[in-house]
Trainee: 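This is the structure I want to talk about, given as structure tokens.
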Amino acid sequence: MRIFSGIQPTGRKHLGNYIGAIVQWVAGQDRGDALYCLVDLHAITVPYEPPALREAVYDTAATLLAAGLDPDRCIFFRQGDVHEHAELCWLLSSVTAYGDLTRMTQFKDKAGSQRELVSAGLFFYPVLQAADVLAYRAHEVPVGEDQRQHVELMRDVAERFNTRFGEALVVPEVRVPEIGARIMDLQFPDRKMSTTGGSPQGTVYVTEEPDAIVKKFRSAVTDSGTEVVRAPDKAGISNLIDILAAVRGSSPEEVEASFNGSGYGAFKHAVADAVVEYLAPVRERYLQLRPDESELERILMAGAEKARAIASDTMVDVREAMGVGPVRRRQ
Ligand code: ATP
Ligand code: MG
């Protein structure tokens with residue numbers, strides 16, 4: 001069973017990324033052959049500074065290794081190092097429906113918040129994402145809830161390819177965590193916690209200082225009630241319940257039961273303490289790993305080499321099936 005997922009190297013990743021994706025990635029190493037990718041080619045679809053991107057690659061790489069990715073048990077690499085992703089993206093564009101791309105909510109959200117250029121790359125993002133996964137013929141894609149639509153699209157792309165050109169690709173399944181698939185911004189609990197679109201006070205970073213984390217939870221937006229229960233009109237409290245359930249490895253019902261009658265103040269305090277404790281070992285390992293950039297680079301390069309071996313194999317089949325390039329000489 002092959003697992004593939006990617007994360008944007010936007011530097012400090014947040015608690016939503018951690019609970020929604022990273023925890024699943026670490027567990028995936030024991031469930032199958034896992035490939036995990038820092039998607040720098042995706043990160044360039046919104047305004048960015050080239051030197052900052054390189055720094056952010058190391059920040060994100062160190063965060064993931066600190067969280068428990070083990071280069072001996074998974075293939076961990078940088079997307080831009082494996083040219084097959086970009087080539088496959090173009091080939092797959094011919095079996096991607098333009099109309100489907102116009103329905104992608106991530107594009108609509110991100111395009112709406114751009115003040116300057118809305119790049120064609122932002123529109124094409126899901127095609128490159130399809131190529132990321134399909135290049136490895138992965139069976140499973142562990143992601144947060146917001147990426148479900150993109151995985152649906154890549155399934156359609158793979159199916160259309162297989163129908164049109166023959167069964168060269170695997171149609172992948174999405175894997176979304178039961179609790180914490182959509183962690184919300186602490187200040188705007190109607191929006192997901194986000195790297196590029198979140199509020200500074202509402203976004204808790206994996207490697208953030210404990211004091212700052214406590215402050216953010218203390219000022220989390222709630223409602224005028226007092227009961228620690230989930231409800232449609234209690235988005236803030238519902239989010240905090242989910243966070244605590246995910247961190248404790250329990251259910252939201254158990255969290256509600258254990259804070260029955262305790263009020264919001266004590267509850268927020270408990271969530272803050274639990275998150276600080278949960279992230280402390282990751283932060284500690286991050287601080288040890290981050291300074292050694294040549295070691296991080298070595299890990300990513302070694303990962304890219306292994307990834308390339310798999311992806312180039314897929315490309316031979318895809319090019320052959322599509323009639324691109326000369327007929328393959330059988331060996
Ligand atoms: P951006 O907002 O710029 O897209 P991001 O915060 O979504 O950034 P990504 O690198 O795009 O970060 O996402 C990495 C993984 O984290 C994806 O699997 C995504 O589904 C998951 N994820 C992102 N935000 C959340 C969230 N708020 N709750 C749960 N999972 C999330
Ligand atoms: Mg995202």
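Values below: all heavy atoms of this structure, side chains included; hydrogens, waters and symmetry mates excluded. Counting convention: from 1, in listed order, for ligands and their atoms alike.
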Trainee: What distance separates Thr196 OG1 from Asp109 CG, expressed to the nearest 0.5 Å?
Mentor: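 With rounding to 0.5 Å, OG1 (Thr196) is 10.0 Å from CG (Asp109).
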Trainee: Please work out, at 4.0 Å between heavy atoms, whether the side chain, the backbone, both, or neither of Lys13 comes within that distance of ligand 1.
Mentor: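 The answer is the side chain of Lys13.
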Trainee: Verify whether one side chain among Gln29 and Asp70 offers a donor that lies under 3.5 Å from an acceptor in the other.
Mentor: no
Trainee: Sequence neighbours excluded, which residues qualify as ring-ring contact (aromatic ring centres under 6.0 Å, His included) partners of Phe188?
Mentor: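 Residues passing ring-ring contact (aromatic ring centres under 6.0 Å, His included) with Phe188: none at all.
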Trainee: Counting only heavy atoms, tell me which of Asp146, Val143, Thr60 gets closest to atom 19 (C) of ligand 1.
Mentor: Asp146
Trainee: Which protein heavy atom lies closest to atom 27 (N) of ligand 1, and at what distance to 0.1 Å?
Mentor: Ile183 O, 2.7 Å
Trainee: May I ask you to list the atoms of ligand 1 that are less than 4.0 angstrom from any heavy atom of Gly180?
Mentor: 29 (C)
Trainee: Looking only at protein heavy atoms, which one is nearest to atom 31 (C) of ligand 1, and what is the separation?
Mentor: Gly16 O, 3.6 Å
Trainee: Where does His42 meet ligand 1, judged by heavy-atom distances below 4.0 Å: at the side chain, the backbone, both, or neither?
Mentor: neither
Trainee: Only heavy atoms count here, so choose which of Ile22, Thr10, Asn239, Thr195 is nearest to atom 8 (O) of ligand 1.
Mentor: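 The nearest heavy atom belongs to Thr195.
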Trainee: Heavy-atom distance to atom 15 (C) of ligand 1: which of Gly144, Ala21, Ala246 wins?
Mentor: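 Result: the heavy atom closest to atom 15 (C) of ligand 1 is in Ala21.
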Trainee: For Phe124 together with Phe107, are the ring centres under 6.0 Å from each other?
Mentor: no
Trainee: Report the part of Ser5 in contact with ligand 1, treating N, CA, C, O as backbone and CB onward as side chain, heavy atoms under 4.0 Å; options are side chain, backbone, both, neither.
Mentor: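 Answer for Ser5: neither.
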Trainee: List the closest protein heavy-atom neighbour of atom 3 (O) of ligand 1: residue, atom name, distance to the nearest 0.1 Å.
Mentor: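 For atom 3 (O) of ligand 1, the nearest protein heavy atom is Thr196 OG1, 2.4 Å.
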Trainee: So, Tyr264 versus His269: side-chain donor-acceptor pair below 3.5 Å or not?
Mentor: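 No, no side-chain donor-acceptor contact under 3.5 Å.
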Trainee: Can you tell me which residue and heavy atom of the protein come closest to atom 11 (O) of ligand 1, and the distance to 0.1 Å?
Mentor: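 Among all protein heavy atoms, the one nearest atom 11 (O) of ligand 1 is Gln8 NE2, 3.0 Å.
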Trainee: Between His14 and Tyr205, is the ring centre distance below 6.0 Å?
Mentor: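 Not close enough - the centres of the two rings lie 6.0 Å or further apart.
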Trainee: Above 12 or not: heavy atoms from other molecules or residues under 6.0 Å from CZ of Arg73?
Mentor: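 Above 12, so yes.
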Trainee: Among all protein heavy atoms in this structure, tell me which lies nearest to atom 2 (O) of ligand 1, with the distance rounded to 0.1 Å.
Mentor: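 Of every protein heavy atom, Ser194 OG, 2.5 Å lies nearest to atom 2 (O) of ligand 1.
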Trainee: Could you identify the single nearest non-hydrogen protein atom to atom 7 (O) of ligand 1 and state the distance to 0.1 Å?
Mentor: Lys192 NZ, 2.7 Å
Trainee: Tell me: protein heavy atom nearest atom 4 (O) of ligand 1, and distance?
Mentor: Lys110 NZ, 2.7 Å
Trainee: State, to 0.1 Å, how close Leu53 and Ile44 come at their nearest heavy-atom pair, and which atoms those are.
Mentor: CD2-CG2, 3.8 Å
Trainee: Could you check, using the six-membered ring where one of them is a Trp, whether Tyr36 and Phe77 have ring centers closer than 6.0 angstrom?
Mentor: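 Not close enough - the centres of the two rings lie 6.0 Å or further apart.
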Trainee: Identify the protein heavy atom lying closest to atom 16 (O) of ligand 1, giving its residue, its atom name and the separation to 0.1 Å.
Mentor: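 Closest protein heavy atom to atom 16 (O) of ligand 1: Asn17 ND2, 3.1 Å.
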